[in-house]
Structures are given as structure tokens and as C-alpha cells.
Amino acid sequence: MHDLKLLRENIAALRDGMRRRGKLETLGPVIDRAEALDRERRALLAQIEEKQAARNAASQDVARRKKGGEDASDVIARTRALGDEIAALQHTYDGQFAELERLQYELPNIPLGDVPEGGEEANRVLRSWGEPRSHDGVRPHWEVGEQLGILDLPRGAKIAGSGFIVFRRGGARLVRALLAFFLDLAAREHGYEEMWVPTLVNRRSMTGTGQLPKFEEDAYVTSDDFFLIPTAEVPLTNLYRDEVLDAGDLPMALTAYSQCFRREAGAHGKDTRGLIRVHQFDKVELVRYVTPEDSNAQLELLTSHAEAALRKLELPYRVKILAAGDTGFSSAKTYDLEVFAPGVGAWLEVSSCSTFTDFQARRANIRYRPGPGEKPRFVHTLNGSGLAFPRTIVALLEHHQRADGTVAVPEALRPYLGADTLG
RNA sequence: GGAGUGGUGGCCGAGAGGCUGAAGGCGGCGGUUUGCUAAACCGUUAUAGGGUUGAAAAGCCCUAUCGAGGGUUCGAAUCCCUCCCACUCCGCCA
């Protein structure tokens with residue numbers, strides 16, 4: 001959500017942000033409508049407040065007269081009339097304000113200046129680590145997974161549906177190992193506070209981080225209006241919703257494991273086979289609350305933490321900066337970490353590290369007080385995966401695959417798995 | 001699930017239709033005093049929105065806000081309704 005002042009003081013910046021996302025055509029009219037609504041609304045508000053002031057004064061007059069034993073019926077009549085006028089104006093105002101709010105919720109964040117213009121094709125690889133393995137002789141993860149008896153997709157489909165995983169034996173244990181490994185890395189080596197949070201959240205939380213109202217069809221909802229989280233970003237970022245933090249609390253770093261639920265409506269077929277795109281998966285999430293001055297440096301730091309996980313797992317990866325048009329709705333700048341999976345011959349996104357500037361903080365009303373007696377300001381929020389499990393498992397099964405179909409376990413993971421080989 | 005009690009500023013806590021944006025305390029900030037610290041004393045200290053003056057910092061005026069939303073009333077923190085949350089007791093339960 002943007003500051004309404006942006007509409008009045010720097011509408012050009014807002015417009016330019018939408019242009020860089022390639023959305024000016026659809027969102028330009030939204031901006032214009034919002035700007036006009038905001039103007040109308042303020043004019044009306046001035047009228048309403050004037051009448052309210054008059055009514056308040058008259059009410060005082062009633063109190064004074066009654067106290068003095070005088071008759072107040074004429075003032076009461078006038079006040080009642082004012083009240084009716086206010087109610088009528090207020091009704092119009094509420095309508096305008098509701099529409100303005102709807103429009104505000106439709107506008108995505110403004111990309112930072114160093115984000116490339118354009119769509120997906122303009123994403124740029126910034127750096128890479130490790131040597132992608134040749135496709136030759138490497139079998140896709142669903143084949144080795146089934147063969148090793150650690151993955152049972154047909155039965156996942158039977159008990160839940162397509163896109164639901166059943167892990168067995170070493171596979172199930174691998175999930176547990178990754179969970180402990182990722183959390184230890186974040187908490188012990190990178191200084192994150194380890195958290196455990198609900199998997200079901202309310203509507204307000206989903207709105208706070210930007211999943212709602214625009215992307216409601218992507219989420220699973222319960223019959224009593226709880227949402228299954230698509231990422232632990234939602235509970236972790238909403239943790240301090242409607243609060244004012246102390247400057248000394250920042251930067252604050254939180255990590256949590258959670259299961260994540262995504263409907264992925266319409267995403268079937270290509271690039272979704274095996275574990276690549278599923279409805280329920282595991283992820284360790286990293287969230288940081290930072291000051292505006294610090295947020296660019298903090299994004300680099302956060303990204304380095306996610307990268308560290310891939311290095312320890314000895315998986316080749318590359319870091320991409322997403323172009324404006326490919327950057328998520330709430331994000332101002334995103335680095336995607338892609339791991340190479342030689343079996344399927346593709347780079348797979350395993351972490352998306354973003355700064356949301358004050359976009360989420362404004363929606364969720366998360367502020368901090370820079371110093372004693374100073375006015376609260378919005379924090380900046382950042383998050384990234386560290387990491388998403390299924391695609392990491394894809395890469396592990398394919399990159400570390402041996403000729404006999406067994407899989408070597410990277411050094412760092414062995415203590416957690418209690419084995420040096422899968423299969 | 002049933003019955004009850006409660007939700008007030010950064011925190012604690014009074015207020016029970018009008019002069020209450022809200023007593024008092026704690027905390028914060030500024031000051032006096034002081035060898036330093038502490039104590040004491042004095043002052044000050046909510047948030048959001050709108051208008052206005054100003055280059056700005058800021059000032060002034062108005063409006064709203066006492067869990068949320070609705071209602072009654074000339075007027076609601078205070079009365080009524082719905083919802084949310086916390087606590088107590090009962091029931092159920094891994």
C-alpha cells in the first residue's frame with residue numbers, strides 16, 4: 001500500500017513505477033481515478049468536519065443551558081438537523097473512501113531504481129556459484145526417488161491429489177534433516193531468532209503482507225475464514241502488526257519452519273512434474289525488520305544467508321535480479337536464487353529474497369520509534385526463503401546422484417541425516 | 001460448547017450520559033538543584049486525518065479515536081446489539 005500523499009505530491013513517481021513494471025496501461029487509469037477520488041474526498045471531509053464542529057459547539061450550548069435551567073429545544077432541533085446533514089455527507093464519503101481503499105490495494109510496490117525495466121526476459125543473472133552438472137546419465141528426481149523408495153507420488157495423489165507428496169524412509173528423514181539443518185544455520189550462524197508460528201492465519205494477516213485482497217484465489221481458506229499460509233512470511237511479518245518497535249530492536253531477524261500451502265490454480269503440465277510445483281511444501285523462512293536507511297544493505301545480507309545454505313549443500317546456483325515486471329506485487333526488489341537440477345535440466349527457484357520497503361509495513365501498520373520522543377516511522381520488511389524444501393530435494397537427488405542411482409549426502413547434512421548416502 | 005467477568009494512552013489504573021483526549025501513578029523528554037550519580041521539585045509527554053501559515057523545521061485551527069463494527073441520544077469511554085480477544089468455572093478432548 002502506498003502513502004496517499006504520493007498521489008498528491010509525487011504522482012509521477014507512482015506512475016513511473018507502474019510503467020517500469022509494464023503495468024501503466026492497466027494501472028494508469030487506477031492512479032488517475034484514485035487521485036481524483038482523493039481530491040473529492042478531502043473536499044467533502046472539510047465540509048463534514050465543519051458541520052461536526054458546529055454540532056459539537058451546539059451540543060455544548062445545550063449542556064450549558066440545561067445546567068442553567070434554560071430551555072434548549074431550539075438548539076436541539078438545530079443540532080438534530082446538523083446531525084442528519086452530517087450523516088448524509090458521511091455516507092457519500094464512506095463510499096468514496098471504500099473505493100479509494102480498493103484502488104490502493106490494487107497498486108503494487110514501486111520497484112527500486114536499480115531494478116531493470118521490463119518483464120521476465122529482462123531478469124539478469126548477477127553471479128553464480130559452483131559448476132552445473134551435465135545432464136548426461138542423470139535421471140530425474142521422480143525416477144530415483146521412486147527407485148530408492150523414498151518418494152511415493154502416486155499414493156500422495158491418491159490420499160490428497162495431484163501435487164501432494166508422500167516421502168518415505170530416507171526421504172521423510174531428509175525432510176526432518178533439512179528442517180533442523182536450515183534452522184540451525186539461520187539461528188546459530190546467522191543470528192536469527194528461531195520461531196514457531198501458526199499455519200492458519202486470519203484475513204487481516206493475509207492482507208498485511210499483500211496476499212489479499214488481490215490473490216485470494218491462490219490461497220486455501222477454511223470454512224471459518226482462516227487461511228492456510230502460503231509462506232511463514234505471513235505470520236512472521238504480521239507478528240508486529242499494529243505495534244511500535246524500539247529503534248534498538250532493529251534490525252530484527254526471525255526465522256521459522258512452516259508448511260506452506262498454495263493452490264497453484266491453473267499451473268499444470270510443463271515444469272510441474274515431480275516435486276517442482278506442489279500444493280503443500282516445507283520451507284524455512286527468513287524475515288527481517290529494518291530501518292529504511294539500512295534496508296538495501298540488509299537485503300544483500302539476507303541474500304547471502306540464503307546463499308550460504310546452498311553452498312553448504314554443495315549445490316550450484318545462480319543469483320538473479322528480477323526485472324520490474326517480474327517482481328512480486330508487494331516487493332520493491334527481488335533476488336531469486338536458482339539451483340541447477342541436471343536431471344530435469346533446469347534452474348529451479350529455491351529462494352526469493354525481497355525488500356518490501358514500507359509497503360507491507362504500511363498495510364500492516366508496523367512502525368518503530370527512531371529515538372525517545374520522536375515520531376514513529378514505518379519499518380522496512382524483508383524476507384527470503386532459506387530454503388524451500390522440495391526443489392532443494394530435487395537438486396540434491398539429481399546433482400549428487402551417483403551412477404548406481406544412489407545419492408551422496410553433502411558433508412554438512414550428514415550429521416542431521418545420520419547417513420552419507422540416500423538409498 | 002455452556003455460564004460468568006473484563007478489554008481505557010508506552011505501561012499500570014480511575015471514570016458509569018455533557019466542561020473527559022480522558023484523574024492519578026510509572027516510564028520518557030526538558031529544566032532547577034548538584035563535585036558526579038541518585039533523590040527531590042517544576043514543566044512537558046497519544047495516534048491518525050483534514051485545513052491553514054511557513055522555503056523548511058515547526059506552529060495554529062478543526063475532526064476522529066477509550067478492543068472492532070453498528071444502534072439509541074441534541075450529545076456516548078459511559079446505555080443497547082453483534083463480533084473479536086483475555087481470564088475464571090463447568091463440559092469435552094490429543
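Below, chain A is the first sequence line, B the second, and so on; all start at residue 1.
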Checklist entry - Is the centre of the A/Y257 ring less than 6.0 Å from the centre of the A/F182 ring? => result no
Checklist entry - B/C19 and B/A76: how far apart are their P atoms, nearest whole angstrom? => result 11 Å
Next on the checklist: Counting neighbours of CZ on A/R169 that are heavy atoms of other residues, nucleotides or ligands and sit closer than 6.0 Å, is the number greater than 12?
Outcome noted: no
Checklist entry - Considering only the P atoms, how many Å lie between B/G25 and B/C84, rounded to the nearest integer? => result 39 Å
Checklist outcome for this item: Contacts of A/D358 meeting side-chain contact (heavy atoms from CB on, under 4.5 Å) (sequence neighbours excluded), chain-then-number -> A/R362, A/F378, A/H380
Checklist entry - Judged by atom type as modelled, is there a donor-acceptor pair below 3.5 Å linking the side chain of A/N109 to the main-chain atoms of A/S330? => result yes
Checklist entry - What interatomic distance, in whole Å, is found between P of B/A58 and the corresponding atom of B/C66? => result 28 Å
Checklist entry - Are the aromatic rings of A/F215 and A/F329 close, with centres under 6.0 Å apart? => result yes
Next on the checklist: Test of understanding: with ring pair (Phe, Tyr, Trp, His ring centres under 6.0 Å), list the residues that count as partners of A/F261, not counting sequence neighbours.
Outcome noted: none
Checklist outcome for this item: Taken to the nearest whole Å, CG/A/L37 to P/B/G49 is 18 Å
Checklist entry - When the distance from CD of A/Q90 to P of B/G71 is rounded to whole Å, what number comes out? => result 11 Å
Checklist entry - Is the shortest distance from a Lys or Arg side-chain nitrogen in A/E411 or A/K312 to a carboxylate oxygen in the other one below 4.0 Å? => result no
Checklist entry - How would you list, by chain and number, every residue that makes a side-chain hydrogen bond (donor to acceptor under 3.5 Å, both in side chains) with A/T303, sequence neighbours excluded? => result none
Item to check | Residues touching RNA chain B, which here means a heavy atom under 4.0 Å, drawn from residues 74-86 of chain A | outcome: A/I76, A/T79, A/R80
Checklist entry - Just by modelled atom types, is the A/I165 backbone N or O under 3.5 Å from a matching donor or acceptor in the A/H279 side chain? => result no
Next on the checklist: What's A/R203 touching, base or sugar-phosphate or nothing? Going by heavy atoms closer than 4.0 Å.
Outcome noted: nothing
Checklist outcome for this item: side-chain hydrogen bond (donor to acceptor under 3.5 Å, both in side chains) filter on A/R65, not counting sequence neighbours, yields A/D74
Checklist entry - Once each nucleotide of nucleotides 78-87 of chain B is scored for protein heavy atoms under 4.0 Å, what B/S/- sequence comes out, 5' to 3'? => result ----------
Item to check | Which residues share a side-chain contact (heavy atoms from CB on, under 4.5 Å) with A/E293, sequence neighbours left out | outcome: A/T291, A/Y368, A/R377
Item to check | Any residue meeting side-chain contact (heavy atoms from CB on, under 4.5 Å) with A/V344, in chain and number order, not counting sequence neighbours | outcome: A/P140, A/H141, A/W142, A/I276, A/A341, A/A346, A/E398
Item to check | Separation of B/U45 P from A/R369 CZ (nearest whole Å) | outcome: 14 Å
Next on the checklist: Measuring to OP1 and OP2 of B/G10, would you say a side-chain N or O of A/R367 lies under 4.0 angstrom away?
Outcome noted: no
Checklist entry - If the P atom of B/G17 is compared with that of B/A77, how far apart are they to the nearest Å? => result 13 Å
Checklist outcome for this item: The correct list of stems in which RNA chain B takes part (3 or more consecutive Watson-Crick or G-U pairs, distances under 3.5 Å) is B:1-7 with B:84-90, B:10-12 with B:24-26, B:27-32 with B:40-45, B:46-53 with B:58-65, B:67-71 with B:79-83
Next on the checklist: When the P atoms of B/U8 and B/A14 are compared, how many Å lie between them, rounded to an integer?
Outcome noted: 11 Å
Donor-acceptor pairs under 3.5 angstrom involving side-chain atoms of residues 243-252 of chain A: please list them, not counting sequence neighbours.
{"unit_1": "A/D249", "atom_1": "OD2", "unit_2": "A/D246", "atom_2": "N", "d": "3.1"}

Checklist entry - Can you name the residues that form a side-chain contact (heavy atoms from CB on, under 4.5 Å) with A/V197, not counting sequence neighbours? => result A/M195, A/P235, A/L236, A/A256
Next on the checklist: Between B/G15 and B/G67, how many Å separate the two P atoms, rounded to a whole number?
Outcome noted: 15 Å
Next on the checklist: Distance check needed: B/G49 P versus A/E101 CD, whole Å only.
Outcome noted: 13 Å
Checklist entry - When rounded to the nearest Å, what value does the distance between P atoms of B/C61 and B/U34 take? => result 38 Å
Checklist entry - Going 5' to 3' along nucleotides 50-68 of chain B, which nucleotides have protein heavy atoms under 4.0 Å from the base (write B), which only from the sugar-phosphate (write S), and which from neither (write -)? => result SS----------BBS----
Next on the checklist: Using the C1' atom as the point on both nucleotides, what is the distance between B/G9 and B/U20, in whole Å?
Outcome noted: 13 Å
Item to check | Atom pair distance, as rounded to whole Å: CD in A/E243 and C1' in B/C11 | outcome: 14 Å
Checklist entry - Got a salt bridge between A/R39 and A/E35, using NZ or NE/NH1/NH2 to carboxylate O under 4.0 Å? => result yes
